[in-house]
There are 2 protein chains.
Amino acid sequence: MAPASKREQPPEPAGPGGCNGSTRRRPPLSRSAVLEAGIDYVDQHGLGELSMRRLGAFLQVEGMSLYRYVRSREELLDAMVDRVMDQLYADPSVLLGPGDDWDDFLRRIATGVRRVAHTHPQLFPLVATRHPAAPWIRPPLRSLRWVEGFLSGLLARGFSDEAAIYAYRAFGSFLVGRLLVDVAAAGVSPGKTVAQAEQVTSGQSPDSPVEHLHGTEVDLQAFPTITRLADKLAVEDLGDEFDDALETLITRVDRARRALT
Amino acid sequence: MAPASKREQPPEPAGPGGCNGSTRRRPPLSRSAVLEAGIDYVDQHGLGELSMRRLGAFLQVEGMSLYRYVRSREELLDAMVDRVMDQLYADPSVLLGPGDDWDDFLRRIATGVRRVAHTHPQLFPLVATRHPAAPWIRPPLRSLRWVEGFLSGLLARGFSDEAAIYAYRAFGSFLVGRLLVDVAAAGVSPGKTVAQAEQVTSGQSPDSPVEHLHGTEVDLQAFPTITRLADKLAVEDLGDEFDDALETLITRVDRARRALT
DNA sequence: CCCGGGCTCTTACGGTGTAAGGGAAGAGGC
DNA sequence: GCCTCTTCCCTTACACCGTAAGAGCCCGGG
């Protein structure tokens, strides 16, 4: 236990010639600051490393202080997710101009959400996974503003109710599927995954109590197709496929737009 | 703390006229049993309730004993996920007959994975979210057996390497997106979500330090489109849309099959 | 000057993952 | 019979977690 970590001198913990003086060193800690720090922290250290005390230390504050701005850790996570997606709402490259067609609208949102996923690869699984606040909200467009904006944007461009809802669902599923699989394969806790997969056929006595401790310790000779295609399977850049799939989705939405009423 | 719970008499804890005698009361605890119990526990109580000690109690065992069969909690979760998906591999309704066409193959796997998602709604997010053991494995088909089976199954039916890989990625993303969004909207911790959304406009003083404590407390008057379409948006049964989208995916895969070499 | 209210810190409690070793129950040899 | 060895499970212990309750500091208004 090390509770007396750095709490001796309140005004000056780090740096010999620091810029103290009259200005207080720490920005005054608001809900926005807490949320932003949480997002930064998860981006840097991963979701599993986020605890209230550690986030407090990250903000040079005592952990319990965060509860002034956040009801609980769960609510913190929800708010972080909402914040990340709502930043997207204010993005000028995503915002819809009055003359834009509906397909441009979809393309803009798609690339915006894609950018969010790749900017916050550790956080994006939560965007897809956390329970939405209302039953008619579906990931990844998780706020009322987004749902309203999406639906009314399409309705104003000639979509029927049914077609707009169809597009809402198809679009959300498309984004979640594509981006989550991208992110799960790529921006994960570094090294561990590949290292674990590479320690193949470590000599283990077969009468060990563990039946097959982790499936990856079989050697790859039993899987010739994987072995042969390993290079092509490991491709990281899926941008082209994303764009292709997006265009296919848009034509599908277009067909629904004309078919539904 | 109650450590002396029921450890006094080893052979007989519950029931006055129980069926004891020579047979020991508890099945002897194997890795399979631990995994199966973990899956059951998560299905019943949700992922957040799973702890090593509670799972131990569920198995009438002391918590630490689980570490004989599982390296850590993380590995337990991975193994549970793998097990759920590998059960699918043994499912006779999913297995491919020699005369089946490739599109039947895809339909069988899709409905199988869909059934898994709806059978284990609390666990399925992990299937989509956990980091795969190798960089060329992508959710939800997370085992080497599955990847090998999928690819070789398509290759044996005339797919080129590129077309098979394309199908592998498109199919995985499709399943993850559709099923994850279904599951996130439906089989969640019961009641809490809707209740939270319904406590609208609880009178809160506007100068509270919380900026907007949770976004759902605004009333819906500002969102007319959502209000008007709420009924249609809340639809739970997305089976038809799943099937339609699956057929669309199959035609897209077919086009790729013919186009790629 | 005091003082009151908003932030932050302190303390505390039960729960969590897991490292390390102890002890009982059965298997096998003599 | 006994003795030993292996296998399995339990006990203890530690650092850390989320969070409830209240104490203390600091700053602005009178």
Side-chain angles (χ1 to χ4, degrees), chain A residues 1-11 13 22-34 37-38 41 45-79 205-211, chain B residues 1-11 13 22-34 37-38 41 45-79 205-211:
Chain A
M1 55 192 69
S5 60
K6 60 173 74 71
R7 196 46 49 199
E8 295 100 14
Q9 60 277 56
S22 67
T23 92
R24 61 224 189 288
R25 189 182 76 276
R26 175 167 56 64
L29 198 58
S30 65
R31 181 171 164 102
S32 296
V34 171
Y41 194 92
H45 305 96
L47 196 59
E49 302 297 306
L50 180 70
S51 79
M52 299 302 275
R53 291 193 240 253
R54 287 213 268 252
L55 181 56
F58 189 67
L59 284 162
Q60 303 175 9
V61 137
E62 212 51 32
M64 282 304 293
S65 307
L66 305 180
Y67 286 93
R68 283 279 136 178
Y69 306 97
V70 143
R71 261 204 219 314
S72 67
R73 189 188 126 105
E74 291 295 286
E75 202 234 357
L76 168 65
L77 294 179
D78 281 337
S205 63
D207 56 345
S208 160
V210 291
E211 285 159 14
Chain B
M1 55 194 68
S5 59
K6 59 175 75 70
R7 196 46 48 197
E8 297 99 12
Q9 59 279 54
S22 66
T23 92
R24 62 220 186 290
R25 187 185 77 276
R26 174 168 56 62
L29 198 59
S30 64
R31 182 171 164 102
S32 296
V34 171
Y41 195 91
H45 305 96
L47 196 59
E49 301 297 307
L50 179 70
S51 80
M52 298 304 275
R53 291 193 241 255
R54 287 212 269 254
L55 181 55
F58 189 68
L59 283 162
Q60 302 176 11
V61 137
E62 212 50 33
M64 283 302 294
S65 306
L66 305 179
Y67 286 93
R68 285 275 137 176
Y69 306 95
V70 143
R71 260 206 222 311
S72 67
R73 190 190 127 103
E74 291 294 287
E75 202 235 355
L76 168 64
L77 293 180
D78 280 337
S205 63
D207 57 347
S208 158
V210 291
E211 285 158 15

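Here is how names work: the chains are called A, B, and so on, in the same order as the sequence lines, proteins then strands, and each is numbered from 1.
When rounded to the nearest whole Å, the span between CD of A/E62 and C1' of D/dA23 equals 14 Å. Atom CG of A/L66 is separated from atom C1' of C/dC7 by 12 Å (rounded to the nearest Å).
In this structure the side chain of B/L76 never reaches within 4.5 angstrom of the side chain of B/R71, judged on heavy atoms.
Separating the OH atom in A/Y67 from the CZ atom in A/R73 is a distance of 9.0 Å, to the nearest 0.5 Å. One distance of note links CD of B/Q60 with CG of B/L29; it measures 10.5 Å at 0.5 Å rounding.
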Reading nucleotides 17-24 of chain C 5' to 3', which nucleotides get B (base under 4.0 Å from a protein heavy atom), which S (sugar-phosphate only), which -? BBBB----
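Applying the side chain to side chain contact (heavy atoms under 4.5 Å, CB included) rule to B/Y41 yields the partners B/H45, B/E49, B/L50, B/R54, B/L55, B/F58; only residues at least two apart in sequence or on another chain are considered. For A/R53, the side chain to side chain contact (heavy atoms under 4.5 Å, CB included) test picks out A/S51, with sequence neighbours left out.
Taking the charged nitrogens against the carboxylate oxygens, B/E62 and B/R68 have no contact shorter than 4.0 Å, which rules out a salt bridge.
Overall, the helix from C/dC1-D/dG30 to C/dC30-D/dG1 carries an axis bend of 20° between its ends, with five pairs at each end and the value rounded to 10°.
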